[in-house]
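Before any comments, here is the structure.
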Amino acid sequence: MKLTISKNELNDAIQQVAKAASARPAIPILGGIKIDVNHQFVTLTASDTDISIQSFITVEQEDLVIATIEKPGSVVLPSKFFAEIVKKLPSDQVVIEVGANFQTTIRSGSTEIQMVGLDPEEFPVLPSIEQNEVLQVPGDLIKAMIRQTILAASTSEQTPILTGVLWNLHDGELKFVATDRHRLASRTTKVDAESSFNFSNVVIAARTLNELSRLIPDQNTVVDIVVADNQVLFKVDNILFYTRILDGTYPDTSKIIPQVFETELVLDTKNLTDAIDRAYLMSREEKTNIVRLTTMDDGMIEISSSSTELGRVTEQLEASSMTGQPLRIAFNSKYMLDVLKVLDSEKLFIGFTGAMRPIIIRPMDHDYSMYVILPYRTTS
């Protein structure tokens with residue numbers, strides 16, 4: 001194999017796929033990037049068996065020669081070193097040549113590097129997914145839905161299914177749900193899909209969705225989504241992103257969401273965020289993160305937290321509206337802040353069904369997202 005390729009194009013493709021290379025591979029091949037070269041494409045692939053990312057560089061783009069192919073072929077190179085060295089090469093052009101036993105030479109300007117390559121035949125075969133039905137979703141919408149739900153996914157491997165986000169598609173409505181049993185995030189959107197195209201219990205690891213989100217450009221991009229038995233394929237421009245669906249059945253969370261509330265508040269999102277952020281500073285020092293919310297008789301609410309070593313923070317906010325029973329409730333301020341920071345609405349609704357019942361948070365501007373936080377039992 002021998003080719004000359006634009007350093008910038010090669011570097012961009014390496015950065016895209018390197019996210020899938022295993023940092024601590026059980027076998028060396030999983031820590032590598034596979035390069036496949038033919039006269040049309042230079043294809044880079046990385047895989048840790050849970051996720052696989054493939055990036056295609058077209059040899060010629062709009063009459064611009066990106067790569068010159070002297071000899072097609074394949075090789076696997078160590079991801080971390082390959083990514084670092086290409087980034088630091090001195091010239092705009094890179095020559096990659098593979099000799100006997102996959103010994104690889106990389107030349108750029110006056111720099112020459114010898115790398116020990118691996119046999120591409122040992123590299124994992126990418127999943128074979130039939131692309132009969134494809135769901136197309138705007139990239140910025142997918143990124144927003146991921147950002148607004150992964151905050152509630154569990155970080156504990158004791159219950160692996162809860163480390164993911166549940167995807168359901170039914171009658172043209174795509175819904176994401178995440179929960180770690182202490183909080184829940186839900187986000188829905190209408191999509192352009194055939195009424196017969198539905199799927200359920202597709203659970204994708206939050207860590208994986210975070211990586212996917214980073215790959216999706218900020219500008220207007222359409223993401224093609226293909227769901228198979230145990231894999232999901234995302235197509236973004238010249239990138240294929242494969243991920244394994246988590247095993248198991250996601251718990252039914254619909255029963256924990258109350259529909260009737262004893263106390264209802266409408267508050268300014270920014271004012272509440274700022275107040276809880278200040279209270280969080282004190283509660284964080286106590287390592288409990290507990291902040292209390294108390295309703296007052298004059299339409300005000302009080303936000304407070306305390307630390308045995310530092311003291312107490314107390315401030316009052318005016319509610320836009322307040323109905324129902326008086327309330328004093330304690331909750332994890334970090335969980336609340338996580339929600340408030342992704343809530344895209346100037347005002348929010350908070351519904352309470354009692355001091356030890358789930359707290360429901362919804363934006364006032366729309367009805368496509370909803371959050372649940374379980375309160376804390378405190379002695380004071």
Side-chain angles (χ1 to χ4, degrees), residues 1-61 64-109 111-129 211 214-215 233-243:
M1 179 185 112
K2 185 176 181 181
L3 76 154
T4 303
I5 188 168
S6 159
K7 173 190 162 181
N8 288 339
E9 294 285 341
L10 178 61
N11 183 56
D12 286 348
I14 291 171
Q15 299 305 319
Q16 289 162 349
V17 304
K19 297 176 176 67
S22 179
R24 299 180 186 84
I27 53 175
I29 202 82
L30 294 179
I33 292 175
K34 182 184 178 188
I35 307 169
D36 291 298
V37 176
N38 60 36
H39 290 292
Q40 287 80 41
F41 299 102
V42 176
T43 305
L44 276 67
T45 310
S47 176
D48 67 359
T49 67
D50 283 336
I51 67 170
S52 304
I53 305 175
Q54 195 165 56
S55 180
F56 298 88
I57 303 171
T58 308
V59 170
E60 290 188 21
Q61 297 176 15
L64 189 66
V65 177
I66 303 299
T68 303
I69 312 302
E70 292 187 42
K71 185 179 179 183
S74 302
V75 70
V76 178
L77 298 176
S79 170
K80 188 174 181 182
F81 184 74
F82 186 41
E84 287 296 325
I85 204 69
V86 169
K87 197 187 302 181
K88 295 176 181 178
L89 289 175
S91 173
D92 291 339
Q93 296 293 310
V94 180
V95 178
I96 302 176
E97 185 173 5
V98 179
N101 299 318
F102 306 105
Q103 186 73 20
T104 302
T105 304
I106 300 173
R107 300 185 189 92
S108 179
T111 300
E112 180 174 305
I113 296 140
Q114 301 286 333
M115 292 183 69
V116 177
L118 299 171
D119 186 351
E121 292 297 318
E122 297 178 6
F123 198 80
V125 176
L126 291 187
S128 177
I129 296 180
E211 294 295 353
R214 291 176 185 172
L215 279 178
L233 167 61
F234 299 91
K235 299 169 74 173
V236 186
D237 292 338
N238 62 327
I239 302 167
L240 300 182
F241 186 106
Y242 298 83
T243 180

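Worth knowing before you read on, the calculation uses all heavy atoms, side chains too, and leaves out hydrogens, waters and symmetry mates.
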Worksheet item: Going by heavy atoms in the side chains, are F241 and I51 under 4.5 Å from each other?
Response: yes
Worksheet item: Distance from S79 atom OG to L44 atom CG, nearest 0.5 Å?
Response: 10.0 Å
Worksheet item: Is there a donor-acceptor pair under 3.5 Å between the side chain of D119 and the backbone N or O of E121?
Response: yes
Practice prompt. With T104 as reference, evaluate I113, L77, V76 under the side chain to side chain contact (heavy atoms under 4.5 Å, CB included) test and give the passing residue.
Written response: L77
Discussion item. Please tell me whether T45 and Q54 have a donor and an acceptor in their side chains that are separated by less than 3.5 angstrom.
Written reply: yes
Worksheet item: For Q103, does its backbone N or O pair with a side-chain atom of N101 as donor and acceptor, under 3.5 Å?
Response: no
Worksheet item: For E60, which residues count as a salt bridge (Lys or Arg N to Asp or Glu O under 4.0 Å) partner, sequence neighbours excluded?
Response: none
Worksheet item: Just how far is it from atom OG1 of T105 to atom CD of E112, taken to the nearest 0.5 Å?
Response: 5.5 Å
Fill in: Non-hydrogen side-chain atoms of I35 and S74 separated by less than 4.5 Å
no
Worksheet item: Is the closest side-chain heavy-atom distance between P120 and F102 below 4.5 Å?
Response: yes
Worksheet item: So, E97 and K71, do they make that salt bridge, N to O below 4.0 Å?
Response: no
Discussion item. Between S52 and Y242 (side chain of the first, backbone of the second, donor and acceptor by atom type, cut-off under 3.5 Å), is there such a pair?
Written reply: no
Let me have the donor-acceptor pairs involving side chains of residues 7-27, under 3.5 Å, with sequence neighbours excluded, atom names and distances please.
from, atom 1, to, atom 2, distance (Å)
K7, NZ, K87, O, 3.3
K7, NZ, L89, O, 2.7
N11, OD1, Q15, NE2, 3.3
Q16, OE1, S55, OG, 2.9
K19, NZ, Q15, O, 3.1

Discussion item. Can you confirm whether T58 sits close enough to I66 that some side-chain heavy atom of one is under 4.5 Å from a side-chain heavy atom of the other?
Written reply: no
Discussion item. For T68, is there any backbone N or O sitting under 3.5 Å from a side-chain donor or acceptor partner on T4?
Written reply: no
Discussion item. Can you tell me how far apart CD1 (I69) and NZ (K2) are? Round to the nearest 0.5 Å.
Written reply: 12.0 Å
Discussion item. Tell me if a side-chain donor or acceptor on N238 pairs with a main-chain N or O of F56 at a distance below 3.5 Å.
Written reply: yes
Worksheet item: Can you tell me how far OG1 of T243 sits from CD1 of I53, rounded to the nearest 0.5 angstrom?
Response: 9.5 Å
Worksheet item: What distance do M115 atom CE and I96 atom CD1 have between them, rounded to the nearest 0.5 Å?
Response: 9.5 Å
Practice prompt. Taking the side chain as every heavy atom from C-beta outward, state whether V59 and Q40 have any pair of such atoms under 4.5 Å apart.
Written response: no
Worksheet item: Step by step, would you call L233 with L240 a side chain to side chain contact (heavy atoms under 4.5 Å, CB included)?
Response: CA-CA 7 Å; L233 167 61; L240 300 182; 4.0 Å; yes
